[in-house]
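Here, residue 1 is the first one in the sequence, and each next residue gets the next number. Keep in mind that the numbers below use all heavy atoms, side chains included, and drop hydrogens, waters and symmetry copies.
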Amino acid sequence: MRKKLGPGTAGLMIFTVMHAQIQVNNGLTFGITGSNAMIDGSAGFSTQSGAGPYTGKGIIIPSVDLVNFQFALTAAGTSFPTWFDGMIVYNNATGTTLTAGNRSSTAVSVTPGFYYFYNPNGAVNANVTGGQWKPIGGNSITVPQGNATTGTVIAINGQMTVAQQITAQMTADFTVPATNVPMVIGNLNREILDNENRYSGSATGNSFKVSANGTYEIIINAQLSSANGSYPVIGLWNDTTGKWISRVNDTFSAPDGGLQTYTLISSADLLAADTYSFRMANSWAGITLASQSSGSTGSGPVSQFSVKRMR
């Protein structure tokens, strides 16, 4: 006599299958005694277990659009007590993740590849907003806003990115009068590198902004001409706060009309909300910033200013 399974029996069987450890080495077995593995498919399909070189099985990870993806939270906290910490997906989209709705509050630039959801405090905070999508392996290089394709690759928040960098040289000498007010430097408009298009230089001034808060390396090599015994200062100025960020100053010990090179190698925290400029001042005498270093055997650029994000 054929017996029918009632809904309660069928539901119990499905519940058991869903919560059992599964072994599929040599047939489907619900249960792997004394093991930390939840699913094991290696025995019949790996070269270590004797399978041929052309035999193999893989897992197809679901493909999602992380730019628009958001979590369904109906079962979060009950079926998923970790609030999806460690969840792996294959992303098929290029862009920046959204932050509104049931999503991470951290916007991340994504390209096609594998990502996992990092949410270590999800169980404590009972949310997904504190988590972040992070790349796995080779898809970790992202291009920052401004389509930067030239520059140094650095790690920012676990992702590889092209660092913002500005490098500019003088196109002609520039002179400022004697003043204790830092004067913006003009003719600093030969852009060697401005990979996010945030620098502006003209015959009378210069300014730039950084795309994100961070620590930036500041390098200045400047050849000056001033009065012997004066005290020129040159460096990076915060236009927003009206203060020096980093500077170098010394006694000008060359004869009047002579040349002396000032070098600054430093680093400082810069803010995306502020505007910056390269400036110089000398309360005792005027200063001329040289564009070229010339001699009987040739000439070449000598004064160069650079800012590059480090982290």
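A distance-only check finds a donor-acceptor pair linking the side chain of S105 to the backbone of T129 [under 3.5 Å]. Using modelled atom types, one side-chain atom of R103 and one backbone atom of A100 make a donor-acceptor pair closer than 3.5 Å. Not a single donor-acceptor pair under 3.5 Å links the side chain of D274 to the backbone N or O of T240. A donor-acceptor contact shorter than 3.5 Å is absent between the side chain of R309 and the backbone of Q165. Not a single donor-acceptor pair under 3.5 Å links the side chain of N121 to the backbone N or O of V124. Of the possible donor and acceptor atoms, none in the side chain of N91 sits under 3.5 Å from a partner among the backbone N and O of V67. Of the possible polar contacts, none joining the K243 side chain to the W237 backbone as a donor-acceptor pair under 3.5 Å is found. At least one donor-acceptor pair under 3.5 Å links the side chain of R190 to the backbone N or O of M170. For E196 (side chain) and S211 (main-chain N/O), no donor-acceptor pair under 3.5 Å exists by modelled atom type. At distances below 3.5 Å, at least one donor-acceptor pair connects side-chain atoms of N206 with backbone N or O atoms of I185.
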* Can you list the steps and then say if E217 with I219 is a side-chain contact (heavy atoms from CB on, under 4.5 Å)? -> CA-CA 7 Å; E217 181 182 57; I219 298 178; 3.7 Å; yes

* Yes or no on ring-ring contact (aromatic ring centres under 6.0 Å, His included) for Y115 and Y90, after CA distance, side-chain angles and deciding distance? -> CA-CA 6 Å; Y115 286 78; Y90 178 81; 8.9 Å; no

* **Working for side-chain contact (heavy atoms from CB on, under 4.5 Å), residues R198 and V210** => CA-CA 7 Å; R198 293 176 179 269; V210 296; over 6 Å; no

* Give the intermediate values and the outcome of side-chain contact (heavy atoms from CB on, under 4.5 Å) for residues Y116 and Y118. => CA-CA 6 Å; Y116 72 96; Y118 179 71; 3.9 Å; yes

* Under the side-chain contact (heavy atoms from CB on, under 4.5 Å) rule, what do L98 and N68 come out as? Steps first, then yes or no, please. => CA-CA 6 Å; L98 301 175; N68 297 292; 3.8 Å; yes

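Across every non-hydrogen atom of S230 and A285, the tightest pair is CB-CB, 4.3 Å. Counting all heavy atoms, side chain and backbone alike, A168 lies closest to L188 at O-CD1, 3.7 Å. Taking each heavy atom of I245 and A268 in turn, the nearest pair found is CG2-CB, 3.6 Å. The minimum heavy-atom distance linking S226 with G286 is given by the pair OG-O, 2.9 Å. Heavy-atom minimum distance, Y199 versus D194: N-OD2, 3.1 Å. The shortest heavy-atom contact between L224 and P232 is CD1-CB, 4.0 Å.
Using a 4.5 Å cut-off on side-chain heavy atoms (C-beta onward), N221 and V302 make contact. Between I234 and N249, the closest side-chain pair of non-hydrogen atoms is not below 4.5 Å. No side-chain heavy atom of S291 sits under 4.5 Å from any side-chain heavy atom of F174. Counting only heavy atoms from C-beta outward, the side chains of I154 and T161 approach each other to under 4.5 Å. Looking at heavy atoms from C-beta onward, P255 lies out of side-chain contact with N228 at the 4.5 angstrom threshold. Residues T97 and V110 form a side-chain contact, since some pair of their non-hydrogen atoms from C-beta on lies under 4.5 Å apart. The side-chain heavy atoms of D85 and F117, taken from C-beta on, include no pair separated by under 4.5 Å. With contacts defined as side-chain heavy-atom distances shorter than 4.5 Å, the pair I192/Q169 qualifies.
Electrostatic pairing of R311 and D269 does not count as a salt bridge here, judged by no charged N lying under 4.0 Å from a carboxylate O.
Hydrophobic clustering (ILVMFWY, side-chain heavy atoms < 4.5 Å, transitive): M87 and W83 are in one cluster. Both F252 and V248 belong to a common hydrophobic cluster when Ile, Leu, Val, Met, Phe, Trp and Tyr are linked at side-chain heavy-atom distances under 4.5 angstrom. Connection of L264 to W244 is not established within any shared hydrophobic cluster, with ILVMFWY side chains joined at heavy-atom distances below 4.5 Å, either directly or through further cluster members. Tracing side-chain contacts under 4.5 Å through hydrophobic residues (I, L, V, M, F, W, Y), one reaches V64 starting from F71; they form part of the same cluster. Transitive grouping of hydrophobic side chains (ILVMFWY, heavy atoms separated by less than 4.5 Å) brings V108 and F69 into a common cluster.
N189 and S202 form no side-chain donor-acceptor contact under 3.5 Å, judged by distance and modelled atom types alone. For T288 and D173, the side-chain atoms include no donor-acceptor pair closer than 3.5 Å. S266 and S246 share a donor-acceptor pair across their side chains, judged by distance under 3.5 Å alone.
Atom CG of L193 is separated from atom OG1 of T150 by 6.5 Å, given to the nearest 0.5 angstrom. For the atom pair CG of L73 and CG of N102, the computed distance is 4.0 Å after rounding to the nearest 0.5 Å. Atom CD of Q260 and atom OG1 of T251 lie 8.5 Å apart (nearest 0.5 Å). Interatomic distance, OH of Y216 versus CD1 of I166, reported as 8.5 Å (0.5 Å rounding). Rounded to the nearest 0.5 Å, atoms OG (S267) and CD1 (I218) are 7.0 Å apart. Q164 contributes atom CD, which lies 12.5 Å from atom NZ of K308 (distance to the nearest 0.5 angstrom).
Taking the six-membered ring for Trp and thresholds of 30 and 60 degrees, W284 and Y231 have ring planes more than 60 degrees apart, a perpendicular arrangement.
Taking the six-membered ring where the residue is Trp, the centroids of F278 and Y276 are separated by 6.0 Å or more.
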